[in-house]
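Before any comments, here is the structure.
Everything numeric here is computed off the predicted structure, so don't read it as measured data. Values below: every heavy atom of this structure, side chains too, minus hydrogens, waters and symmetry copies. Residue numbering restarts at 1 for every chain, and letters A, B, ... go by the order of the sequence lines.
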Amino acid sequence: MDLDALLGCVTSSSCLVTQTTSGLIVGMLLFMVAAGLTLIFGVLKIVNFAHGTFYMLGAYIAYSAFMFTGSYFLGVLAGGLGMAIFGVIFERVLISRVYGANVLMQLLICYAVVLICDDLVKIVWGPDFYAMGMPPAFQVPPLFIAGGVVPPFYIMLILVALAIGGGLSLLLGLTKIGKIIRAAAHNPNMVSALGINTTLLYSLVFAVGGMLAGLAGGLAAPVRSLTPGMGFSILIESFIVTVIGGMGSIGGALIAAVVLGLIRSFGTIGFPLFTEGLMYIAMIIILVFKPSGLFGKEIV
Amino acid sequence: MRQYNLPRRTVLTGAAAVLATPHIAGAQAKAVRIGMQATFSGPLAQSGITHRNAIEMEVDRINAAGGLAGRPIEMVYRDSKSQPQEAARVARELVNSDGCDMLLDAESSAGSFAVQEVVRDLGVLCIHSSSETSSLTADPKYRVASAFRSSRQGIHDAIVGGAYAAKVADARKLTKWATCSPDYAYGRDTTAQYLEYLKHFKPDIEVISQAWPKLGQPDFTEVITKLIQAKPQAMYTALYGGDLTAFINQGNIYALFSAMQVFSVNLADYTALTAIKNLPAGIDTGNRYVVTCPDTAANREWGEAYRKRFKEYPTNWSWESSTGMRFFEGAAKKAGSADPKKLAEALRGLKIDCPFGVDGTVTMRAEDQTVVGYAIGWGTTLTKPPYVADVKAADWGTIFELETEWKKRNGFI
Amino acid sequence: MARIFRDIAIGILAIAVLAAVPHLTPSKAFQDFVIRCSSMALFATSLNLLVGYTGLSSFGHGLFFGLGTYSFALLMQRTGISLPMAFIATLLINAVTAVAVGAICIRLRLIYFAFVTLAMQMLMHSVIISWVGLTGGDQGLQGGIPRRVVAGIDLGDQYNLYIFAAVVLVIGLLIMRHIVNTSFGTSLRMIRDNEARASFLGIVVWRVKLTVFVLSAVFASVGGVVMSLFVSGAYPELINWPISGDAIFAIVMGGVGSFLGPTVGTMILLLLNDVVTRQTEYYGLALGIIILAFALGLRRGLLDFITERLGGRPAGGIS
């Protein structure tokens with residue numbers, strides 16, 4: 001524990017700026033994965049334990065598309081679209097068969113998919129780890145803001161993630177389809193009784209969830225290592241985020257993701273050996289006082 | 001019984017050896033079974049696979065030359081999925097059910113300790129070819145009479161790294177240091193030992209910041225920014241593999257490598273060197289495996305043969321398992337038998353010719369049954385192949401002297 | 001009453017058969033299999049007390065399995081007490097921990113309960129990883145478990161450990177069987193089926209939930225002790241979250257509605273693991289496909305499926 005260092009950091013503008021942006025970037029990528037997770041749970045009451053796999057596949061597809069086209073933008077797009085399609089197939093072929101089944105049965109099926117996909121990645125791409133490398137456009141020196149160091153690439157990532165989060169909120173809040181999704185989350189029978197095609201709706205939700213995870217994987221590919229099984233750690237953190245934010249609440253996921261990112265960035269200064277433990281403690285404390293997360297609906 | 005992934009050539013050469021020697025009694029020509037366990041799945045699958053690649057090369061070579069004292073080698077490979085309890089189970093299964101005469105254990109640290117307990121209970125001959133945790137062989141508490149090690153050791157790396165860094169630090173006046181190593185036993189122990197020897201050779205070093213990212217952590221940003229905040233003149237990192245790649249890629253966009261002199265003990269391994277797209281020049285790095293250290297014809301030939309067969313360069317794991325197989329080979333030659341008890345006897349103190357030895361040989365030191373004399377060196381990175389320049393192999397005289405002191409201090413001897 | 005005697009008779013018979021097997025076949029792998037089975041089946045069955053009988057889906061039950069391995073191995077390594085004393089002390093440590101953890105967790109419901117138990121387990125995992133001086137951190141407790149002798153029987157010997165594991169398994173299962181057949185067991189099922197009604201009928205829900213939480217933790221730790229003897233130590237992987245997953249998969253595949261479902265599921269999973277690992281390094285691919293076929297084909301655990309086919313109604317089950 002190093003509380004002096006932590007105090008020193010929060011009172012220095014350069015440290016504050018650097019660590020805050022560092023927390024934001026970790027948080028925003030996490031938010032993109034967690035947003036899909038929480039959306040799927042909110043509408044379908046499905047806990048998608050295979051969500052980390054979406055992220056992994058998105059990164060690999062983006063990597064291959066980048067190698068093929070040389071364009072980072074196309075790579076990310078391919079990752080997002082690929083996972084949107086994968087999400088629909090996953091929902092139609094597997095998950096649709098266990099709607100209403102016990103959460104543990106869903107867990108079992110998702111676990112099987114995780115196992116299968118990890119091995120498929122090993123077969124298709126090999127066991128070596130890959131790194132996409134920074135796209136030439138972003139191979140520029142970092143900016144200095146109030147003494148803090150901020151790389152332009154990360155500013156771009158934060159803005160893109162914010163735009164996607166904002167777009168998602170607008171989609172849910174203003175459009176007709178958004179209203180239907182929210183209604184379905186509230187009362188699926190009612191939506192079905194109104195003659196709305198819930199099959200299509202459920203596939204759509206998985207497509208959006210898959211796309212978000214795939215985009216996050218693609219966006220992160222230049223700076224993170226690609227290995228089979230890389231979805232594992234992001235899955236755990238996404239769950240922490242969705243649970244703290246309240247399962248089903250996208251706004252909650254955003255706040256929780258940022259909080260988690262900040263816990264990590266400042267935790268590494270104050271408690272370098274117990275950062276992981278801090279996240280679990282935060283989760284337990286919040287759940288003790290708010291048994292369904294910060295913005296979750298009471299379960300009855 | 002089906003053995004997966006038994007390379008066809010092994011079977012063929014094995015069969016050929018049996019066919020070619022019909023006059024030898026069946027008992028003598030019976031294959032020697034060596035059980036090999038490692039991680040073949042998950043993020044560390046690469047380690048098991050490159051261990052196995054090297055083993056296949058050696059098995060082909062040894063079998064073509066008549067096997068272990070006339071008996072062909074037959075490998076049985078098993079995945080332990082990086083879980084110590086699976087490692088323990090698999091080790092028992094290899095010996096008890098698959099009839100393996102001996103083990104080549106390529107588990108990483110925790111797994112190797114689990115295997116060590118099985119070796120203790122069963123008394124089977126075992127060479128650990130992956131664990132670098134010094135205490136496995138150094139601490140008499142863990143030592144087992146039939147267990148050996150053919151992989152490098154953390155304490156050796158620390159001494160060599162410390163001596164090298166002290167020289168560079170002296171020349172460039174680097175006194176303020178930071179460290180960034182994975183938060184588990186290997187990272188913590190090697191970092192502490194490295195700093196200890198750095199201070200031994202250059203006492204005016206000050207460590208101003210230490211970061212401990214998790215193993216397999218996807219994002220190192222907060223760690224990188226913490227290091228930049230601390231403004232050290234030099235930094236040591238024991239990160240490796242995919243973590244090191246991610247760290248360098250993420251550090252690049254913060255211009256970390258121009259802000260401080262970086263010493264990376266594990267960078268000079270082709271897994272990392274070839275995966276990093278924008279490798280910064282001028283990082284000081286220890287060699288894991290490069291064909292230029294030791295800079296000998298034997299090492300180059302071996303590295304190129306490996307590359308020709310598997311379409312990529314060998315890894316640190318490859319040479320460690322290759323050395324393990326060479327020790328089995330050498331011991332069988334010395335003992336004139338493939339009997340595990342005689343092999344164990346022959347292994348103690350055995351010196352063999354080996355492309356990875358600093359002088360063309362390596363020795364299985366009798367007192368703690370671990371390999372010494374392998375090439376360890378440090379050099380600086382280039383942005384293009386051969387990636388590392390001026391690798392200077394370290395002097396084992398200094399290593400022995402300081403290692404003995406270290407053992408005394410820890411009550412191991 | 002007759003039921004108890006019948007169960008005990010079956011248990012004794014099972015031990016007798018297991019004790020005879022090594023005289024028929026020399027397979028050491030079979031003995032290892034039974035030892036691991038004993039450990040995991042106790043753990044999975046204890047989890048089913050929560051999942052199948054009370055309707056509490058815990059994702060963090062591995063906390064008590066892992067704590068069982070660590071407390072037992074540490075007591076054996078660090079103190080001079082005998083094996084039976086260490087065994088009992090392990091159960092006490094787990095009971096006390098379970099009271100504290102349970103008091104926090106049972107306030108939460110459904111998926112939140114599941115995740116808070118997982119967080120508790122991962123917190124303990126973080127503590128074990130960080131507390132290197134005591135636990136050896138990620139390397140685990142090295143150096144083996146000393147003095148594995150009980151009443152002159154050395155549990156370091158494989159056959160002895162095999163018999164010990166079989167006896168512990170049978171006794172553990174008998175006690176848990178008895179628990180679910182008492183009126184306490186009835187209360188559990190009432191809470192599972194309708195918590196509000198159970199409360200209305202005078203059941204103090206939190207007290208019953210906490211009690212079953214502690215009981216299941218104690219039995220999970222017994223499984224941990226057996227595992228600790230098998231690996232001769234304790235490792236952080238034994239308290240990491242996949243271990244909770246293993247128990248969940250065992251009960252889902254074997255059947256949450258049948259008392260022996262978790263035991264059957266454990267056997268299926270361990271067999272799959274051992275057989276598939278021998279055949280291919282694409283273990284995940286093969287296992288994943290088998291699990292999918294299983295889950296989508298039967299849509300319930302194997303024993304539940306058989307019971308239903310035979311026209312019966314499973315005793316437990318999750319609504």
Side-chain angles (χ1 to χ4, degrees), chain B residues 1-5 37-42 45 48-49 52 76-90 92-98 108-114 116-118 120-122 131 133 135-136 139 141-144 182-189 212 214-215, chain C residues 26-33 35-36 39-40 65-66 69 77 126 129-130 132 135-146 148 154-158 161 227-228 230-238 240 242-243 246 270 273-287:
Chain B
M1 191 196 326
R2 256 193 70 208
Q3 302 299 339
Y4 78 82
N5 259 312
Q37 54 181 128
T39 298
F40 289 105
S41 51
I49 289 167
R52 187 180 61 203
V76 183
Y77 299 107
R78 285 279 189 283
D79 182 7
S80 62
K81 312 177 193 79
S82 303
Q83 294 171 11
Q85 73 273 26
E86 270 290 282
R89 176 189 78 79
V90 165
R92 295 167 76 109
E93 185 184 74
L94 284 168
V95 177
N96 286 335
S97 317
D98 294 307
S108 57
S109 34
S112 69
F113 280 97
Q116 185 83 334
E117 290 312 312
V118 175
R120 194 192 304 278
D121 283 355
L122 302 181
S131 174
T133 311
S135 60
L136 180 67
D139 189 341
K141 210 164 59 208
Y142 304 138
R143 218 178 283 154
V144 177
D183 182 18
Y184 77 119
Y186 163 79
R188 280 188 301 262
D189 294 354
W212 302 101
K214 285 267 170 277
L215 197 62
Chain C
S27 170
K28 293 257 173 80
F30 175 77
Q31 297 178 12
D32 278 350
F33 181 80
I35 298 169
R36 287 158 59 230
S39 164
M40 291 305 290
F65 180 80
T69 62
Q77 280 191 348
S126 299
I129 291 274
S130 308
V132 183
T135 64
D138 57 275
Q139 303 264 38
L141 284 174
Q142 304 143 357
I145 293 182
R148 284 175 277 179
D154 180 14
L155 294 182
D157 178 79
Q158 193 177 12
L161 181 59
M227 181 54 82
S228 169
F230 177 69
V231 299
S232 191
Y235 297 98
E237 278 75 3
L238 296 172
N240 206 352
I243 202 83
D246 287 346
L270 289 183
N273 176 60
D274 296 7
V275 173
V276 177
T277 314
R278 293 173 74 90
Q279 301 301 331
T280 169
E281 77 182 72
Y282 297 110
Y283 155 86
L285 186 63
L287 187 65

Which portion of C:Phe230 sits near chain B, non-hydrogen atoms under 4.5 angstrom: both
Under 4.5 Å from any heavy atom of chain B, what part of C:Asn240 do you find: side chain, backbone, both or neither? neither
Shortest non-hydrogen pair, C:Asn273 vs B:Arg89, comes out as ND2-NH2, 3.6 Å
Quick one: closest heavy-atom pair of C:Tyr235 and B:Phe113, and the distance? OH-C, 3.8 Å
Heavy-atom proximity to chain B below 4.5 Å, by part of C:Ile243: side chain
Do B:Asn96 and C:Gln31 come close enough that some side-chain heavy atom pair is under 4.5 Å? no
Within this structure, what is the CG-OG distance for the pair C:Leu287 and B:Ser41, rounded to the nearest 0.5 Å? 11.0 Å
Over all atoms of both residues, closest heavy-atom pair of C:Glu237 and B:Ser82: OE2-O, 3.8 Å
At a heavy-atom separation under 4.5 Å, does B:Ile49 approach chain C through its side chain, its backbone, both, or neither? side chain
What residue, out of C:Asp274, C:Leu238, C:Ile129, C:Val231, has the most heavy-atom pairs lying under 4.5 Å from chain B? C:Asp274
Just verifying a value: how many Å separate C:Arg36 CZ and B:Arg92 CZ, rounded to the nearest 0.5 Å? 10.0 Å
Between B:Glu86, B:Gln83, B:Gln116, which shows the greatest number of heavy-atom pairs under 4.5 Å with chain C? B:Glu86
